Protein chains: 2
Amino acid sequence: MSFTITTANVNGLRAASGKGYVEWLTATSADVICLQEVRAEPLQLAEHVREPEGWHTLWAPSTAAKGRAGVAVLTRQEPLARRVGFGSAEFDTTGRYAEVDLPGLTVASLYLPSGEVDTPRQEEKERFMAEFLEYLKSLRKRAEEAGREVVVCGDWNIAHREVDLKNWRTNQKNAGFLPEERAWLGRVLDEAGYVDVVRRLHPEGPGPYSWWSYRGRAFDNDAGWRIDYIMTTPGLAAKSLAAHVERAPSHPERWSDHAPVTAVFDDLG
Amino acid sequence: MSFTITTANVNGLRAASGKGYVEWLTATSADVICLQEVRAEPLQLAEHVREPEGWHTLWAPSTAAKGRAGVAVLTRQEPLARRVGFGSAEFDTTGRYAEVDLPGLTVASLYLPSGEVDTPRQEEKERFMAEFLEYLKSLRKRAEEAGREVVVCGDWNIAHREVDLKNWRTNQKNAGFLPEERAWLGRVLDEAGYVDVVRRLHPEGPGPYSWWSYRGRAFDNDAGWRIDYIMTTPGLAAKSLAAHVERAPSHPERWSDHAPVTAVFDDLG
DNA sequence: CCTAGAACG
DNA sequence: CGTTATAGG
């Protein structure tokens with residue numbers, strides 16, 4: 001038995017649902033799906049999207065700003081627990097983090113702020129990063145003590161290394177590839193002790209990219225970024241068998257500017 | 001020889017241009033066209049819309065608020081003069097009035113504020129009405145002295161009488177059919193001395209309506225309003241031969257929530 | 001219901 | 001370039 005987890009930034013689930021998301025969900029064989037940028041409250045979603053047959057759902061919309069952010073976790077199994085937020089006074093109502101417990105495993109969906117240099121939104125991103133890193137450490141520690149594994153997946157809005165985006169040279173002063181952001185992602189790995197599973201299984205770059213701007217010809221030119229990550233505790237990473245990015249072949253198939261990122265693990269037993 | 005003038009609220013000329021306005025303009029035999037709610041600056045329009053072959057144009061966008069209001073006058077003849085605004089400090093930059101001089105005739109395009117009861121927008125409408133009535137009087141007087149005729153056409157956003165809207169009873173407290181607005185339109189006729197040419201030629205109602213809300217089934221139920229008028233000086237009205245509203249047969253043909261209103265006059269000679 | 005700008009990405 | 005919320009109608 002294997003266990004498959006997929007993360008996808010849907011860039012507006014109402015729009016995506018009319019462009020192929022529903023068909024994609026019907027066809028997927030994943031056991032767990034983490035969504036980001038749902039950009040809707042559950043009641044704004046069609047029922048077959050809000051409560052898809054065969055899935056349990058946790059919706060965590062932004063209550064701070066309508067139509068922004070919003071994460072979700074879909075599981076075939078009924079979760080033992082559902083939690084929204086990570087204990088942050090500033091961020092728990094902003095639809096950026098939710099987690100569920102399955103037997104022996106905590107699964108989290110993360111949508112880290114995008115940021116924009118020289119704006120308050122970059123400061124917000126930095127505050128999020130500082131606070132969230134501490135949470136990641138405590139999460140890992142608690143899981144270790146309890147003998148549980150953790151997977152935090154989602155849109156981290158940071159490319160880690162040069163190999164993680166096509167135009168790294170021209171983006172060194174742009175949000176998403178700033179030295180301090182890259183260093184922070186290094187601390188998630190080295191200090192908090194998580195493993196970037198896709199990179200573990202695909203040590204060679206470039207890519208695989210998971211996001212292409214809608215602007216210009218980014219998708220056609222494969223001018224992508226790898227900013228969607230599946231980060232796991234080491235014990236879970238050791239059981240990873242395969243990983244891939246579902247790059248849509250062309251526009252009619254593309255229902256988001258991000259592509260779903262998937263990892264397969266050996267029986268969690 | 002006859003002379004034909006049409007007025008049309010286009011509800012966004014960029015949108016209308018993709019839905020049938022261009023074909024309509026190509027097919028029309030009018031000599032003069034007054035447009036309202038252009039909702040674009042000239043440079044935002046495609047060139048064949050901004051400078052249609054065979055037409056001279058006067059564009060008067062709102063510079064006070066982008067994407068709002070905006071009137072235009074299109075003439076087959078080159079105008080002797082073009083003017084934007086009516087001498088109002090408050091309204092001349094809001095894209096609500098423009099006029100051109102043709103030999104012996106001044107043609108104006110008007111987009112009167114829509115208003116909404118118990119809001120500042122109703123007060124704005126009232127200020128506009130007060131100021132504009134005085135202008136209409138002076139315009140008429142100057143024209144009379146110079147032996148010229150005047151036609152002021154456009155969206156006046158007021159239904160004059162019960163016969164001018166289908167649901168008059170339920171709209172007596174709504175902007176567009178308030179007693180004071182109806183009385184004001186009466187003063188345009190009685191005090192300023194203009195003639196409602198469509199009503200002159202069609203003394204019997206109901207209608208002809210020129211606007212149907214996009215909401216609900218207003219168009220299919222013919223729940224319309226007559227709020228687009230062709231108002232002329234008496235000498236010109238005496239030469240009116242025919243008038244009609246181009247109610248679109250159905251949705252694919254409908255490029256605005258308003259229908260073009262046309263009047264035909266005997267040779268102005 | 002529809003148009004258009006604006007924020008955000 | 002695309003999604004969404006909002007103003008205006």
Side-chain angles (χ1 to χ4, degrees), chain A residues 9-19 21 36-41 44-45 61-62 64-70 94-96 111-117 119-122 124-125 155 157 174-176 211-220 223 225 227 251 254-258, chain B residues 9-19 21 36-41 44-45 61-62 64-70 94-96 111-117 119-122 124-125 155 157 174-176 211-221 223 225 227-228 251 254-258:
Chain A
N9 178 316
V10 297
N11 190 30
L13 188 49
R14 282 170 287 179
S17 295
K19 297 196 299 182
Y21 164 83
Q36 302 86 37
E37 280 206 89
V38 169
R39 299 178 72 172
E41 291 170 44
Q44 296 178 299
L45 300 170
S62 167
K66 296 180 54 175
R68 300 276 164 77
T94 61
R96 295 196 174 270
Y111 176 48
L112 201 139
S114 165
E116 185 179 356
V117 285
T119 73
R121 293 175 42 241
Q122 189 64 22
E124 182 189 341
K125 183 176 188 174
D155 178 356
N157 265 315
N174 289 336
W211 173 75
W212 303 262
S213 171
Y214 275 128
R215 298 172 219 191
R217 305 250 178 292
F219 188 76
D220 297 336
W225 296 51
I227 55 179
H251 282 288
R254 210 179 162 209
W255 41 267
S256 171
D257 49 350
H258 293 248
Chain B
N9 178 316
V10 297
N11 189 29
L13 188 49
R14 282 170 287 180
S17 296
K19 299 195 298 184
Y21 165 82
Q36 301 86 38
E37 279 207 89
V38 169
R39 300 179 70 171
E41 291 170 43
Q44 296 178 299
L45 300 170
S62 167
K66 298 181 54 177
R68 301 276 164 77
T94 60
R96 296 197 172 269
Y111 176 48
L112 201 139
S114 168
E116 186 178 356
V117 287
T119 73
R121 294 174 43 243
Q122 188 65 22
E124 183 190 339
K125 183 175 188 175
D155 179 356
N157 264 315
N174 289 335
W211 174 75
W212 302 262
S213 170
Y214 274 129
R215 297 171 220 189
R217 304 249 178 293
F219 189 75
D220 296 336
N221 298 340
W225 295 52
I227 56 180
D228 301 277
H251 281 289
R254 209 179 163 209
W255 41 267
S256 170
D257 48 350
H258 294 248

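Note: hydrogens, waters and symmetry copies are ignored here, and every other heavy atom, side chains too, is used. To find a chain, count down the sequence lines: A is the first, B the second, and so on, and within it residues start at 1. Being a predicted model, the structure only gives us computed values, none of them experimental.
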> Using a 4.0 Å heavy-atom cut-off across all strands, classify Q36(A) as base, sugar-phosphate, or nothing.
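Touches nothing.
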
> Round to the nearest Å and state the distance from N9(B) atom CG to dG8(D) atom P.
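Value for this atom pair: 17 Å.
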
> For Y214(A) and dC1(D), give me the distance from atom OH to atom C1', rounded to whole Å.
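Between C1' of dC1(D) and OH of Y214(A): 9 Å.
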
> Can you tell me if D155(A) and Q36(A) form a side-chain donor-acceptor pair at under 3.5 Å?
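Judged by distance alone, the side chains do not pair up.
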
> Write down the distance between CZ (R14(B)) and P (dC2(C)), rounded to a whole number of angstrom.
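That distance rounds to 18 Å.
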
> Nearest to the side chain of Y111(B) - dG9(D), dT3(D), dT3(C)?
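When the side chain of Y111(B) is considered, dG9(D) is the closest of dG9(D), dT3(D), dT3(C).
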
> Looking at residues at least two apart in the chain, or sitting in another chain, which of them share a salt bridge (charged side-chain N to carboxylate O under 4.0 Å, His left out) with R96(A)?
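Partners of R96(A) by the salt bridge (charged side-chain N to carboxylate O under 4.0 Å, His left out) criterion come out as none, since no residue qualifies.
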
> What's the CG-C1' distance between N157(A) and dC8(C), to the nearest Å?
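In whole Å, dC8(C) C1' lies 11 Å from N157(A) CG.
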
> Taking the nucleotide of DNA chain D with the nearest heavy atom to each, does R68(A) or R217(A) sit closer to the 5' end?
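Going by which nucleotide is closer to the 5' end, it is R217(A).
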
> Confirm from the modelled atom types if R215(B) and dG9(D) form a donor-acceptor pair under 3.5 Å, side chain to base only.
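Such a pair is found, so the answer is yes.
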
> Does dC2(C) have OP1 or OP2 under 4.0 Å away from a side-chain N or O of K19(B)?
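For K19(B), the contact criterion (side-chain N or O under 4.0 Å from OP1 or OP2 of dC2(C)) is not met.
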
> Given atom CH2 of W211(A) and atom P of dG2(D), what is their separation to the nearest angstrom?
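About 13 Å, once rounded to whole Å.
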
> dA4(C) P sits how many Å from N11(B) CG, rounded?
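N11(B) atom CG is separated from dA4(C) atom P by 7 Å.
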
> Measuring from atom OH of Y111(A) to atom CG of N157(A), what distance do you get when rounded to the nearest 0.5 angstrom?
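Here the interatomic distance stands at 5.5 Å.
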
> Rounded off to whole Å, could you give me the CG-to-P distance for the L13(B) and dC2(C) pair?
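After rounding, the gap between these two atoms is 18 Å.
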
> Which residues pass the salt bridge (charged side-chain N to carboxylate O under 4.0 Å, His left out) test with E41(A), not counting sequence neighbours?
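Applying salt bridge (charged side-chain N to carboxylate O under 4.0 Å, His left out) to E41(A) gives none.
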
> Among L112(B), T119(B), V117(B), which residue meets the side chain to side chain contact (heavy atoms under 4.5 Å, CB included) test with K125(B)?
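Only one option passes, and that is L112(B).
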
> With heavy atoms under 4.0 Å as the rule, sort E37(A) into base, sugar-phosphate or nothing.
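Contact class for E37(A): sugar-phosphate only.
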
> With DNA chain D as reference, determine whether G67(A) or G216(A) sits nearer its 5' end, using the nearest nucleotide of each.
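Taking each residue's closest nucleotide, the earlier one in sequence belongs to G216(A).
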
> Per the atom types in the model, does the base of dT3(C) pair as donor or acceptor with the side chain of R39(B) at under 3.5 Å?
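Looking at the base of dT3(C), it does pair with a donor or acceptor on the side chain of R39(B) (distance under 3.5 Å).
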
> Rounding to a whole Å, what distance do you find between L45(B):CG and dT3(C):P?
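Interatomic distance, CG of L45(B) to P of dT3(C): 15 Å.
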
